[in-house]
Number of protein chains: 2
Amino acid sequence: MKFLLVEDNAELAKAISSRMKFDGHVVDHADKIGDAIAFSETGEYDLILLDIMLPDGDGRSFLKQHRSGGQDTPVIVLTARSQVSDRISMLDLGADDYVTKPFDHAELQARCRAVLRRKAGKGKTEIELGGAVFDPVAGTLQIGGAAIGLRNRELRLLELFMNAPGQIFSKQKLFDRLFSIDDDASENAIEVYVGRLRKHLEGCDLRITTLRGLGYRLDHG
Amino acid sequence: MKFLLVEDNAELAKAISSRMKFDGHVVDHADKIGDAIAFSETGEYDLILLDIMLPDGDGRSFLKQHRSGGQDTPVIVLTARSQVSDRISMLDLGADDYVTKPFDHAELQARCRAVLRRKAGKGKTEIELGGAVFDPVAGTLQIGGAAIGLRNRELRLLELFMNAPGQIFSKQKLFDRLFSIDDDASENAIEVYVGRLRKHLEGCDLRITTLRGLGYRLDHG
DNA sequence: TCAGACGTGTCAGGTTTGTGTCAGGTTGGC
DNA sequence: GCCAACCTGACACAAACCTGACACGTCTGA
């Protein structure tokens with residue numbers, strides 16, 4: 001996936017884009033509205049992350065031009081907690097979602113995935129795999145008709161796996177995605193959650209394989 | 001489909017119309033009541049999107065003239081959150097639905113589709129779910145034949161849930177949608193309203209599920 | 001102008017439960 | 001057989017949530 005990040009705070013921009021790159025995305029970075037528009041007009045982005053406070057105008061003007069140019073690239077707005085009015089009008093102007101600063105990277109990732117999925121699947125967010133149906137928006141997992149109640153962390157862990165079945169996630173990576181910087185939990189927590197998730201997945205053809213020293217992987221079949 | 005958009009806020013108008021165009025519709029835009037009437041008299045529109053706060057009078061006068069002219073083009077009213085009471089009179093005057101700002105584009109799309117479908121198939125305006133009949137248009141909730149009186153905030157909360165049953169709403173999101181910028185209420189208010197709504201929903205198969213750390217969800221069955 | 005009704009948001013105290021840790025057991029590679 | 005990595009049942013705690021009571025403001029009708 002190719003992302004466009006529009007953010008004037010260099011530090012934050014670097015943090016976000018390095019994380020995104022780590023996740024396997026390509027990130028272009030603009031720190032001015034002018035640049036952002038020029039970039040986006042190429043139309044080659046899958047998603048745009050837009051800060052609304054920028055040196056040469058606010059995100060509104062970008063959104064306006066972006067949409068009036070007939071572009072439909074999804075936009076997620078990054079906004080401060082205090083700017084409630086802004087994030088509301090952003091939605092009106094055609095933003096697809098907003099994330100309030102300060103945000104966990106995990107949260108941002110989740111929102112990105114949700115928006116991309118919504119865009120790609122025409123509103124459908126469910127993922128079907130190995131006899132299980134997972135809907136991250138509803139927060140439900142269905143196995144053989146029965147709905148299974150998942151909690152917050154379990155849900156987010158499952159979402160990670162479901163989005164990349166067959167891929168190895170190192171414990172460190174899972175930890176980074178599940179916890180925020182200032183959470184100081186031990187890596188054992190991951191083991192615990194994998195265990196809990198496994199229990200929930202009994203009864204379908206999905207299983208989480210342990211790869212000693214490497215991490216975990218979701219397999220089906 | 002050909003839409004008429006009556007909206008004086010140029011930014012918002014552009015955002016809406018560009019999105020609609022992207023969806024494959026043709027959009028004409030009027031920013032005054034006078035123009036709107038002239039446009040609509042051609043009778044060539046499938047749907048009219050009407051803001052009620054306009055420089056040369058409010059949407060009421062447009063609606064009145066529109067209907068008295070014998071036109072039955074469906075009208076969706078765009079209204080600010082604060083103008084809740086207005087919407088009822090709008091509906092009395094013959095509007096088919098309303099959308100409160102701020103709205104997701106997805107929501108607006110959904111409403112448009114619903115109204116068009118209704119018009120084509122002569123459907124009803126109520127939402128029926130889990131043994132309850134909710135009429136967002138009249139603002140009433142019926143359970144087992146008995147009408148339940150909902151207050152303003154409860155109504156709008158229920159409306160949010162009813163429009164997206166099975167979907168998780170974070171407390172933040174509910175807060176953003178229920179309160180306006182300068183309202184500084186605590187998030188506990190949401191908990192209180194959910195509680196009150198739950199009490200009203202006793203006696204039907206609808207229930208609001210709490211998902212700790214995630215939000216709330218309307219379930220039925 | 002006053003009284004009563006009503007909608008609304010806060011608060012405090014109580015309850016629930018998601019969560020991470022721990023300790024001891026198990027597994028797998030070398 | 002030994003060590004490290006991993007699993008897991010039990011547990012304790014704090015955050016998240018619920019709720020009855022209350023206070024404040026607004027509106028209405030007399």
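Sequence lines set the chain letters: A, B, ... in the order given, protein chains first and strands last, and positions in each chain run from 1. Note that these values count all heavy atoms, side chains included, but never hydrogens, waters or copies made by symmetry.
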### Message
In the structure I gave you, are the side-chain heavy atoms of A/Leu78 and A/Ile16 within less than 4.5 Å of one another anywhere?
### Response
yes
Show every donor-acceptor pair shorter than 3.5 Å between a side-chain atom in residues 202-215 of chain B and any protein atom, with sequence neighbours excluded, or say none if there are none.
from     : atom 1 : to       : atom 2 : distance (Å)
B/Arg207 : NH2    : B/Gly221 : O      : 2.5
B/Thr209 : OG1    : B/Asp219 : OD2    : 2.5
B/Thr210 : OG1    : B/Arg198 : NH2    : 2.6

### Query
Are side-chain N/O atoms of B/Glu7 and B/His29 paired as donor and acceptor at under 3.5 Å?
no
Heavy-atom closest contact ([X] atom, [Y] atom, distance):
| X | Y | result |
| --- | --- | --- |
| B/Gly166 | B/Arg217 | O-CD, 3.3 Å |
| A/Ala13 | A/Leu5 | O-CD2, 3.5 Å |
| A/Ala185 | A/Phe179 | CB-CE2, 3.9 Å |

Separation of [N] [atom2] from [X] [atom1] (nearest whole Å):
| X | N | atom1 | atom2 | answer |
| --- | --- | --- | --- | --- |
| B/Phe175 | C/dT8 | CZ | C1' | 13 Å |
| A/Gln172 | D/dA5 | CD | P | 14 Å |
| B/Tyr193 | C/dT10 | OH | P | 9 Å |
| A/Leu150 | C/dT17 | CG | C1' | 15 Å |
| A/Ile190 | C/dT19 | CD1 | C1' | 12 Å |
| A/Leu211 | D/dC7 | CG | P | 10 Å |
| A/Leu214 | D/dA4 | CG | P | 18 Å |
| B/Lys171 | D/dA15 | NZ | P | 14 Å |

#### Entry: For B/Tyr216, ring-ring contact (aromatic ring centres under 6.0 Å, His included) partners two or more places apart
none
## Note on the structure
The answer to which of A/Asp183 and B/Val192 contacts DNA chain C further toward the 5' end, by nearest nucleotide, is B/Val192
### Query
When only distance counts, do a donor and an acceptor, one from the side chain of A/Asn188 and one from the base of D/dT8, lie under 3.5 Å apart?
yes
### Task
Determine, for A/Glu11 against A/Lys14, whether the closest basic-nitrogen to carboxylate-oxygen distance falls under 4.0 angstrom.
no
### Task
Using a strict 4.0 Å threshold on nitrogen-to-oxygen distance, state whether B/Glu159 and B/Arg156 make a salt bridge.
no
### Query
Under the side chain to side chain contact (heavy atoms under 4.5 Å, CB included) test, which residues partner A/Ala138, sequence neighbours left out?
A/Asp135, A/Thr140
### Overall bend - the helix from C/dT1-D/dA30 to C/dC30-D/dG1, comparing terminal axes fitted on five pairs, nearest 10 degrees
30°
## Note on the structure
Here the residues of residues 198-209 of chain A within 4.0 Å heavy-atom distance, strictly under, of DNA chain C are none
### Task
Measure from the ring center of B/Phe161 to the ring center of B/Phe169 and say whether it is less than 6.0 Å.
yes
Anything under 3.5 Å between a protein N or O and an N or O of nucleotides 26-30 of chain C, put it in a table, one pair a line.
from   : atom 1 : to       : atom 2 : distance (Å)
C/dT27 : O2     : A/Arg212 : NH2    : 2.6

### Task
Assign each of B/Arg196 and A/Gly195 to its nearest nucleotide of DNA chain D by heavy atoms, then name whichever residue's nucleotide is nearer the 5' end.
A/Gly195
Examine [N]: is either OP1 or OP2 under 4.0 Å from a nitrogen or oxygen in the side chain of [X]? Give yes or no.
| X | N | answer |
| --- | --- | --- |
| A/Ser186 | C/dT21 | yes |
| B/Arg153 | C/dT8 | no |
| B/Tyr216 | D/dC18 | yes |

#### Entry: Which nucleotide in D/dC17, C/dG20, C/dG18 has an atom nearest any side-chain atom of A/Ala189
C/dG20
### Query
What distance do B/Glu154 atom CD and B/Lys199 atom NZ have between them, rounded to the nearest 0.5 Å?
11.0 Å
